[in-house]
There are 2 protein chains.
Amino acid sequence: MSDDFAERIRSSGKRMTPQRELILRAVDTLGHATPEQLLAEVHKQSSAVNLSTVYRNLEVLEELGLVRHMHLGDRAPTYHSVGGPEHFHLICRGCEKVISVGPEAVEQFAARLQADFDFVPDIGHLTVFGSCADCRDAAT
Amino acid sequence: MSDDFAERIRSSGKRMTPQRELILRAVDTLGHATPEQLLAEVHKQSSAVNLSTVYRNLEVLEELGLVRHMHLGDRAPTYHSVGGPEHFHLICRGCEKVISVGPEAVEQFAARLQADFDFVPDIGHLTVFGSCADCRDAAT
DNA sequence: TTCCATGCAAACACTTTGCACCGTG
DNA sequence: CACGGTGCAAAGTGTTTGCATGGAA
């Protein structure tokens, strides 16, 4: 798996460095994480990585389509790896829970946007804010 | 209209100041604007408003439900007034065009999220990134 | 041996906060 | 005349960049 990544990186003229691999692995491990959190995760293995390296790599990895980011809060961008099929996220404002949802649930919606507005949505980047059942109950 | 707002503001223990009114009006005038752009708009009328006042007021106005914000780019939050019916936005990554869409187009999608995940989406905050017809053509 | 990648520190963009003064209600 | 609002400047966050050095291909 990492080897696939390594190959893909090299074939784009980039190089595979230890830092890059650590960061990639951290994205994979954490699921959804901010640059800062990724740095912390990486530091568990090796303290020899700088925050700016994290940023630079996330940028590169995103260009190559190996990771994606979304916005959890208004402040924090969070990165996740692009492993399986495309999916999008539901985020509960109450508990910050993240629910990953497969593409089936949006297909119809996407089709409608395309038909009505000639607009092709980027499903992988889609983040829907709202409230989950637990938090609605709690609020009552 | 501004009077309704003024009333609503006062009844929450807040006060109606000239700055607050100018900012509210600017949000209304500009449609979708960043704090900085709002300041610029306000300055057309009166230079006596500070950026931090803009921030503080947007916070208050959002609490009161008079304005909302969304995220156009990854960096800039943009505010718009809550005037008519609820709507959400499509944003083209290519040209940054913003398309406002009424709630009909999402109803079905929203219903599905609620049925399948017990999740109630916040339609007014929804922002869908993607690409518009023009930009897709250009890319080809 | 060539460039891409890295560390470090400084620069940046955006937002928040402390404090003294001002003005609405 | 009490208390919320404002301006100003300084301090935070989070992210980006310039430069010299290091290392993958």
Side-chain angles (χ1 to χ4, degrees), chain A residues 2-3 5-27 32-43 45-64 66-79, chain B residues 2-3 5-27 32-40 42-43 45-64 66-67 69-79:
Chain A
S2 287
D3 292 335
F5 287 168
E7 197 177 323
R8 188 144 169 200
I9 286 171
R10 277 191 217 96
S11 69
S12 70
K14 311 287 184 188
R15 290 165 189 177
M16 184 43 109
T17 65
Q19 290 90 334
R20 191 158 282 173
E21 181 160 4
L22 283 169
I23 292 167
L24 201 39
R25 199 183 303 284
V27 172
H32 298 105
T34 63
E36 207 94 33
Q37 293 172 321
L38 290 168
L39 181 66
E41 175 67 21
V42 166
H43 276 180
Q45 331 254 323
S46 149
S47 60
V49 178
N50 192 277
L51 224 205
S52 47
T53 301
V54 173
Y55 278 102
R56 285 194 270 233
N57 272 299
L58 288 173
E59 191 181 331
V60 169
L61 295 175
E62 190 154 35
E63 270 174 36
L64 297 180
L66 300 179
V67 306
R68 299 219 56 175
H69 79 276
M70 57 177 211
H71 299 274
L72 265 151
D74 286 341
R75 266 283 178 96
T78 65
Y79 289 79
Chain B
S2 287
D3 292 336
F5 288 169
E7 196 178 322
R8 188 145 170 199
I9 285 170
R10 278 190 218 99
S11 69
S12 71
K14 311 286 185 189
R15 292 168 188 177
M16 184 45 106
T17 64
Q19 290 90 333
R20 192 158 281 172
E21 180 161 3
L22 283 169
I23 291 168
L24 200 39
R25 200 184 302 284
V27 171
H32 298 105
T34 64
E36 207 94 35
Q37 293 172 321
L38 290 169
L39 181 65
V42 165
H43 276 180
Q45 330 254 324
S46 150
S47 59
V49 178
N50 193 276
L51 223 205
S52 48
T53 301
V54 173
Y55 278 102
R56 286 194 269 234
N57 272 299
L58 288 173
E59 191 181 330
V60 169
L61 296 175
E62 190 154 35
E63 270 174 34
L64 297 180
L66 300 179
V67 306
H69 78 276
M70 57 178 211
H71 299 274
L72 267 150
D74 287 341
R75 266 284 178 96
T78 65
Y79 290 80

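Convention: sequence-line order gives letters A, B, ...; per-chain numbering from 1. Only a predicted model underlies this, so the values are computations on that prediction, with no experimental measurement involved.
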Practice task
Taking only the side-chain nitrogens and oxygens of B/N50, find out if one of them lies under 4.0 Å from OP1 or OP2 of D/dT6.
Solution key: no
Exercise for the section: Establish, with yes or no, whether the OP1 or OP2 oxygen of D/dT6 is under 4.0 angstrom from a side-chain nitrogen or oxygen of B/T17. Expected result: yes
Exercise for the section: Between B/K14 and B/Y55, name the one whose nearest nucleotide on DNA chain C is closer to the 5' end. Expected result: B/Y55
Problem - Short side-chain N/O contact to C/dT6 OP1/OP2 from A/T53, under 4.0 Å - result: no
Problem - For atom CD of A/Q19 and atom P of D/dG23, their distance in whole Å - result: 9 Å
Exercise for the section: Establish, with yes or no, whether the OP1 or OP2 oxygen of C/dC14 is under 4.0 angstrom from a side-chain nitrogen or oxygen of B/R75. Expected result: no
Handout entry: Side chain to side chain, B/I9 and B/V60, heavy atoms closer than 4.5 Å
Key = no
Handout entry: Distance in angstrom units between A/L39 CG and C/dT6 C1', rounded
Key = 13 Å
Fill in the blank from the handout: Among the nucleotides D/dT6, D/dT16, C/dG7, whichever has the atom closest to the side chain of B/N57 is D/dT6
Exercise for the section: Using atom CG of B/L51 as one end and atom P of D/dA9 as the other, report the distance to the nearest whole Å. Expected result: 13 Å
Exercise for the section: In whole angstrom, give the distance that lies between atom CZ of B/R20 and atom C1' of C/dC22. Expected result: 14 Å
Practice task
Inspect the surroundings of CD in B/E63 and state if more than 12 heavy atoms from other residues, nucleotides or ligands are less than 6.0 Å away.
Solution key: yes
Exercise for the section: Classify the nucleic acid contact of A/S52 as base, sugar-phosphate or nothing, counting any heavy atom under 4.0 Å across all strands shown. Expected result: base
Exercise for the section: Answer yes or no: is there a side-chain heavy-atom contact under 4.5 Å between B/R20 and B/L24? Expected result: no
Practice task
Report the nucleotide, chosen from D/dT6, D/dA25, C/dG25, that has the shortest atom-to-atom distance to any side-chain atom of B/M16.
Solution key: C/dG25
Practice task
Under 4.0 Å between any heavy atoms, over every strand shown, what does A/V60 touch: base, sugar-phosphate, or nothing? Just pick one.
Solution key: nothing
Practice task
Starting from the C-alpha separation in whole Å, work towards a yes-or-no answer on side-chain contact (heavy atoms from CB on, under 4.5 Å) for A/L58 and A/L38.
Solution key: CA-CA 10 Å; A/L58 288 173; A/L38 290 168; 3.9 Å; yes
Exercise for the section: Give the rounded distance in Å between these two atoms: CZ of B/R10 and C1' of C/dG23. Expected result: 14 Å
Exercise for the section: Would you kindly give the CD-to-P distance between A/E62 and D/dT15, to the nearest whole Å? Expected result: 12 Å
Exercise for the section: Look at the side chain of A/R56 and the base of C/dG7, then say whether one donor and one acceptor between them are separated by less than 3.5 Å. Expected result: yes
Practice task
Ignoring hydrogens and angles, answer whether the base of D/dC3 and the side-chain atoms of B/R15 contain a donor-acceptor pair closer than 3.5 Å.
Solution key: yes
Practice task
Provide, to the nearest angstrom, the distance between the CD atom belonging to A/E7 and the P atom belonging to D/dA24.
Solution key: 19 Å
Completion exercise
Rounded to whole Å, the CD-C1' distance (B/Q37 to C/dA13) equals 14 Å
Practice task
Give a yes or no on this: more than 12 heavy atoms of other residues, nucleotides or ligands lie within 6.0 Å of atom CD of A/E62.
Solution key: yes
